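Okay, structure first, notes after.
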Protein chains: 2
Amino acid sequence: MASLSNDQLLQEIKSCEDLLTDRIADNMETFGVSSTVGRLLGIIYMNREAMTLDSLADETGMSKTRMSQVMRQMISLNIAEKEYVKGSRKDHYNVERDYAQTFISLFTSNWAEVVKRNTSLERRLREQIRHLETCLTEDSSEDVKVRMERLQQELDEWNTYYNWINNLVAFFESGEIFNHVPIITPNKKEEEQNEE
Amino acid sequence: MASLSNDQLLQEIKSCEDLLTDRIADNMETFGVSSTVGRLLGIIYMNREAMTLDSLADETGMSKTRMSQVMRQMISLNIAEKEYVKGSRKDHYNVERDYAQTFISLFTSNWAEVVKRNTSLERRLREQIRHLETCLTEDSSEDVKVRMERLQQELDEWNTYYNWINNLVAFFESGEIFNHVPIITPNKKEEEQNEE
DNA sequence: AAATCTGTGCAATTTAAACTTTACAAAGTA
DNA sequence: TACTTTGTAAAGTTTAAATTGCACAGATTT
């Protein structure tokens, strides 16, 4: 009905995009990263080409230092990368454009780290238990033996669980997950649903 | 070699258990919840029976109010529940003892929430776009049309992604994940690997 | 060589999250 | 009815995380 001017329309479109970016930022917190990570992801994604720290600072109103910190974090999380741009001295950053891939990167970064930390703790505790066992005397109380046995059991369950997580990470990282939970595009203009 | 007294042994065992609890607390942060959630989970888990707010406060050295807050959160996350104890006025809380099930509960709580929030945003934006389309005039710039088209595309990808997440949640929640990433217990004293 | 630009280390500040204290309602007990 | 006990709401405090400002190194240009 009401016909809007070009500028008004652009304004409206921009505000829709901003809503999307805001939501990406929110959702990203589910991965345990600061919402600013999500915000930058959204901004660069919407921008459709690599951006510099200055342009990001501009867009967010935040300091360049913070942009630097966050982009570094994103690179370590495997959801962004520097892109060389001829003729420019500035670093240009781009982001993974495939949402599902981003999910997988964050998921696996997080859990691989957890598994790693865990494995070393387990090793340490196993040793400690082995040591304690040598300290048992025949007049050690029944209680102690039970607790010791239980602790062993805990560690076994613990180990089982983290092996599972480890396999889960591999299941995602290898892309096998897509064989069982496929990505379904509603309007299949393209046939190539599974490439990469 | 060195034979330790009962008390010393119990002490040592306790300190191993505490290390496990600490690690659970740490790891739980990967789910985006406070480490105190993980700490309580660990404490109740190790305790092997339901605990009251007072005993939790005692164990952690934190206030009872905080215990109440955290247990409520854990219940809403589906990883703890009140357990009726005859003859006691206090609420007793117990936790899910199956690690993998805990993982799934947290995973699905988090992502189901994200999907929900997203779905409503998507609906809102679709409407807005439909509205904006009616505002286009023949002298609207090419730029506007391109941006509009792009926004549509974003929403399509967006939709595809969240449908995927939604399916992923179902994949976990239904337990189908275990068919493809099984839980492997190292020493299979029991045969019943898949029940529930 | 001086001047500029770019990214980042580091300390300081702000903001948000975790946690505590106080107070009080609901339910139980004497 | 008055007195406890228990859980939690609300507001305040502390702690940790996010963010900034400054400073400076390395690389580039003049």
Side-chain angles (χ1 to χ4, degrees), chain A residues 21-22 24-44 50-77 80-95 106 110 113, chain B residues 21-22 24-44 50-77 80-95 106 110 113:
Chain A
T21 302
D22 287 351
I24 292 175
D26 271 12
N27 292 348
M28 204 59 75
E29 290 193 330
T30 306
F31 287 113
V33 296
S34 146
S35 72
T36 307
V37 170
R39 172 146 286 111
L40 295 199
L41 181 69
I43 288 173
I44 300 177
M51 293 176 74
T52 65
L53 294 180
D54 284 314
S55 55
L56 286 171
D58 215 42
E59 191 76 28
T60 57
M62 287 182 184
S63 69
K64 195 162 69 147
T65 298
R66 182 62 183 144
M67 300 301 98
S68 170
Q69 294 166 339
V70 171
M71 288 316 303
R72 187 144 37 121
Q73 185 185 357
M74 289 174 74
I75 286 173
S76 86
L77 287 169
E81 50 188 11
K82 289 193 190 181
E83 205 169 75
Y84 177 68
V85 171
K86 198 174 156 181
S88 171
R89 280 214 267 161
K90 303 191 183 195
D91 289 349
H92 288 244
Y93 296 90
N94 217 334
V95 295
L106 290 171
N110 283 337
E113 177 61 25
Chain B
T21 303
D22 287 351
I24 291 176
D26 271 13
N27 292 348
M28 205 59 76
E29 291 194 328
T30 306
F31 287 114
V33 297
S34 147
S35 73
T36 306
V37 170
R39 173 148 285 110
L40 295 199
L41 180 70
I43 288 174
I44 301 177
M51 293 176 75
T52 66
L53 294 180
D54 285 315
S55 55
L56 286 171
D58 215 41
E59 191 76 28
T60 57
M62 287 183 185
S63 71
K64 194 162 69 144
T65 297
R66 181 64 183 143
M67 299 302 97
S68 171
Q69 294 167 339
V70 171
M71 287 315 305
R72 186 142 38 120
Q73 186 185 357
M74 287 173 74
I75 286 173
S76 86
L77 287 170
E81 49 187 14
K82 288 192 190 181
E83 206 170 75
Y84 176 69
V85 172
K86 199 173 158 183
S88 171
R89 283 215 267 162
K90 304 192 183 194
D91 289 350
H92 288 245
Y93 297 90
N94 217 334
V95 294
L106 289 170
N110 282 337
E113 176 61 25

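None of these values were measured; they are calculated from a predicted model. Letters A, B, ... mirror the listed sequences (proteins, then strands); counts begin at 1.
- Rounded to whole Å, the distance from CG on Asp54(A) to P on dG7(C) is 7 Å.
- To the nearest angstrom, C1' of dT15(D) lies 11 Å from CE of Met62(B).
- Contacts of residues 32-40 of chain B with DNA chain D (heavy atom under 4.0 Å): none.
- Residues Leu40(A) and Met51(A) have side chains not in contact (no heavy-atom distance under 4.5 Å, counting atoms from C-beta outward).
- Using a 4.0 Å cut-off on heavy atoms, the residues of residues 63-74 of chain A that approach DNA chain D are Ser63(A), Thr65(A), Arg66(A), Gln69(A), listed by number.
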Hey, can you pull the donor-acceptor pairs under 3.5 Å for the side chains in residues 29-39 of chain B, sequence neighbours left out?
residue, atom, partner, partner atom, Å
Thr30(B), OG1, Asn27(B), O, 3.0
Ser34(B), OG, Thr36(B), N, 3.0
Ser34(B), OG, Thr36(B), OG1, 3.4
Arg39(B), NH2, Asp22(B), OD1, 2.7

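- When all heavy atoms are compared, the tightest approach of Leu53(A) to Met71(A) is CD2-CG, 4.1 Å.
- No side-chain donor-acceptor contact under 3.5 Å links Gln69(A) and Arg72(A).
- Residues passing the salt bridge (Lys or Arg N to Asp or Glu O under 4.0 Å) test with Asp91(B), sequence neighbours excluded: Lys82(B).
- Asp54(A) approaches Lys64(A) most closely through the heavy-atom pair OD1-CD, 3.0 Å.
- Summarising the geometry of Met62(A) relative to Arg66(A), their closest heavy-atom pair is SD-CG, 4.1 Å, with the distance given to 0.1 Å.
- For Ser68(A), the side-chain hydrogen bond (donor to acceptor under 3.5 Å, both in side chains) test picks out no residue, with sequence neighbours left out.
- Look at CG on Leu53(B): it is 13 Å from C1' on dT5(D), rounded to the nearest Å.
- In this structure, the NZ atom of Lys90(B) is 14 Å from the C1' atom of dG28(C), given to the nearest Å.
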Using nucleotides 27-30 of chain D, report all nitrogen or oxygen pairs with the protein that are shorter than 3.5 Å.
residue, atom, partner, partner atom, Å
dT28(D), O4', Arg89(A), NH1, 3.0

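- Residues Ala57(B) and Ser63(B) approach most closely at CB-C, 4.3 Å, considering heavy atoms.
- Comparing Glu29(A) and Lys82(A) along DNA chain C, the residue whose closest nucleotide (by nearest heavy atom) sits nearer the 5' end is Lys82(A).
- The minimum heavy-atom distance linking Tyr93(A) with Ile44(A) is given by the pair O-CG2, 3.8 Å.
- Atom NE2 in His92(B) sits about 16 Å away from atom P in dT5(D), given to the nearest Å.
- Counting non-hydrogen atoms of neighbouring residues, nucleotides and ligands closer than 6.0 angstrom, the CD atom of Glu81(B) reaches no more than 12 such neighbours.
- What separates CD1 of Ile75(B) from C1' of dT8(D) is a distance of 13 Å, to the nearest Å.
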